[in-house]
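Since we're looking at a predicted model, the values are computed, not measured. Read the numbers this way: they start at 1 and go in the same order the structure lists the ligands and their atoms. Residues: numbered from 1 along the sequence shown.
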Amino acid sequence: MAVVGFDVGFQNCYIAVVKSGGIETVADEFTERCTPAVVSFGSRSRFVGNAARNQIVTNPRNTVFNFKRLHGRLYQDPVVQTERANLPYDLVPLRGDDDADDADGRVGAKVFYLEKEHQFSVEQVTAMLLTKMKETAEASLQKKVVECVISIPSFFTDSERRSVLDAAKIAGLNCLQLMNDTTAVALNYGIYKEDFPDLNEKPKVVFFVDMGHSAFQVSACAFNKGKLKVLSTAFDPYLGGRDFDQRLVEHFCAEFKSKYKLDVKSRVRSVQRLWQECEKLRKLMSSNSTDIPLNMECFMDDKDVTGKMNRAKFEELCADLIERVTVPLVAVLKQAQVQLQDISAVEIVGGAMRIPAVKAQISKFFRRDVSTTLNADEAVARGCALQCA
Ligand code: ATP
Ligand code: MG
């Protein structure tokens, strides 16, 4: 039986397997290696991953996404209420079974599915996602998959961890280990390197920095031949690509209100469309510093809208977010008790590390160029798979 590594991201998930001595990431039926963390419910069927992604705009009320931070929380939890404000689908407090009333008040998603109302716990939704990933892995390996290693953010609490394990169980998976994102990245880095000092020598110190869609995580690690020690970890659980998108969304909502008299937030589909367009715009700004147009036909009330943005203006809108990048860096360096000059490399991973200002902020702090030895998107999944090799 094969053991598989799953990186369950806030936005993007990856599957890695051990195959003929190496680690490979696996593609789905669309030949995509990324499985979006989206589950969409229709009147006849359910879609997961790439098949569900477009439904965020076309069927926003019944498409569950951005749900990872709901794990292990009650509906009343302030974190849940903050998330809820930005979600187009309904969250509800679940009622426990008669014999398991500890489930009372946990958060769930309310959707219309197969012509009637359903309430799914976050564990059930993640289980649907994991089931899809399990099937993708099985199709690639031509083997049954039961055992796995799943990544989680290093700041996940016990109840969040338990909730992810419950999801794995519902998906028929035996999760051998939950692995911190940054530890998985370090393991992936270490396994192929030959030039580490002997055990009795001074270790090579590498910092790993990961910014995803929802969170920012950093770790300091010491490597000797065959040995990896995590010296310290730090994080900002609320700093990721989506926070930068939100600034753009707010900016264009205000602009469209004054320019076209449109109240974008009053229409769920329009808001979701704007979020998607702003994310595209933000990605384009990573490789282009000139003006980038934002054009949407029939955006609202049959009106076409246009706008533009450039990198300098974007950095102005996000100046405080860029500043916040430094906070976990200070903490991780202090806890690791190493001097800047003793660091061998600063490795960056995660999709949002492609934002030039974020990368520059990290470079400035460590007073060196950052390294991109690892595959920024797949490093976490690969590390999880390595743990089972
Ligand atoms: P998390 O780690 O928070 O759970 P995740 O693992 O799903 O989230 P990643 O897949 O690492 O997140 O990164 C997704 C983020 O990276 C998104 O915000 C996406 O917009 C951003 N991103 C991807 N490519 C680029 C790019 N070229 N420029 C800017 N941002 C990018
Ligand atoms: Mg991630």
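- For Asp77 and Arg69, the salt-bridge test fails: no basic side-chain N is under 4.0 Å from an acidic carboxylate O.
- Applying the ring-ring contact (aromatic ring centres under 6.0 Å, His included) rule to pairs touching residues 106-130 yields Phe41-Tyr113, Phe41-Phe120, Tyr113-His118, His118-Phe120, sequence neighbours excluded.
- Judged as a salt bridge (Lys or Arg N to Asp or Glu O under 4.0 Å), the pairs with a partner in residues 207-231 (not counting sequence neighbours) are, in order, Asp198-Lys225.
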Ligand 1 polar-atom proximity to protein (N/O, under 3.5 Å):
unit_1	atom_1	unit_2	atom_2	d
ligand 1	3 (O)	His213	N	3.3
ligand 1	3 (O)	Ser214	N	2.8
ligand 1	3 (O)	Ser214	OG	2.7
ligand 1	3 (O)	Ala215	N	3.2
ligand 1	4 (O)	Phe10	N	2.8
ligand 1	4 (O)	Lys68	NZ	2.9
ligand 1	7 (O)	Phe10	N	3.2
ligand 1	7 (O)	Gln11	N	2.7
ligand 1	7 (O)	Asn12	N	2.8
ligand 1	8 (O)	Phe10	N	3.4
ligand 1	8 (O)	His213	N	3.0
ligand 1	10 (O)	Asn12	ND2	2.8
ligand 1	11 (O)	Gly351	N	2.9
ligand 1	12 (O)	His213	N	3.1
ligand 1	13 (O)	Gly351	N	3.3
ligand 1	16 (O)	Ala352	N	3.0
ligand 1	18 (O)	His213	ND1	2.5
ligand 1	18 (O)	Arg282	NH2	3.0
ligand 1	20 (O)	Glu279	OE2	2.5
ligand 1	20 (O)	Arg282	NH2	2.6
ligand 1	22 (N)	Gly351	O	3.3
ligand 1	24 (N)	Arg354	NH1	3.3
ligand 1	28 (N)	Ser286	OG	2.6
ligand 1	30 (N)	Arg282	NH1	3.0

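- Counted by atom type alone, Arg84 and Gln81 present one or more donor-acceptor pairs between their side chains at under 3.5 Å.
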Distance-only check: which donor-acceptor pairs under 3.5 Å involve side-chain atoms of residues 323-336, not counting sequence neighbours?
unit_1	atom_1	unit_2	atom_2	d
Arg324	NE	Asp236	OD2	3.3
Arg324	NH2	Asp236	OD2	3.1
Arg324	NH2	Tyr238	O	2.9
Thr326	OG1	Glu323	O	3.3
Thr326	OG1	Gln361	NE2	3.0

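- A salt bridge links Arg242 to Glu83: at least one charged side-chain nitrogen sits closer than 4.0 Å to a carboxylate oxygen.
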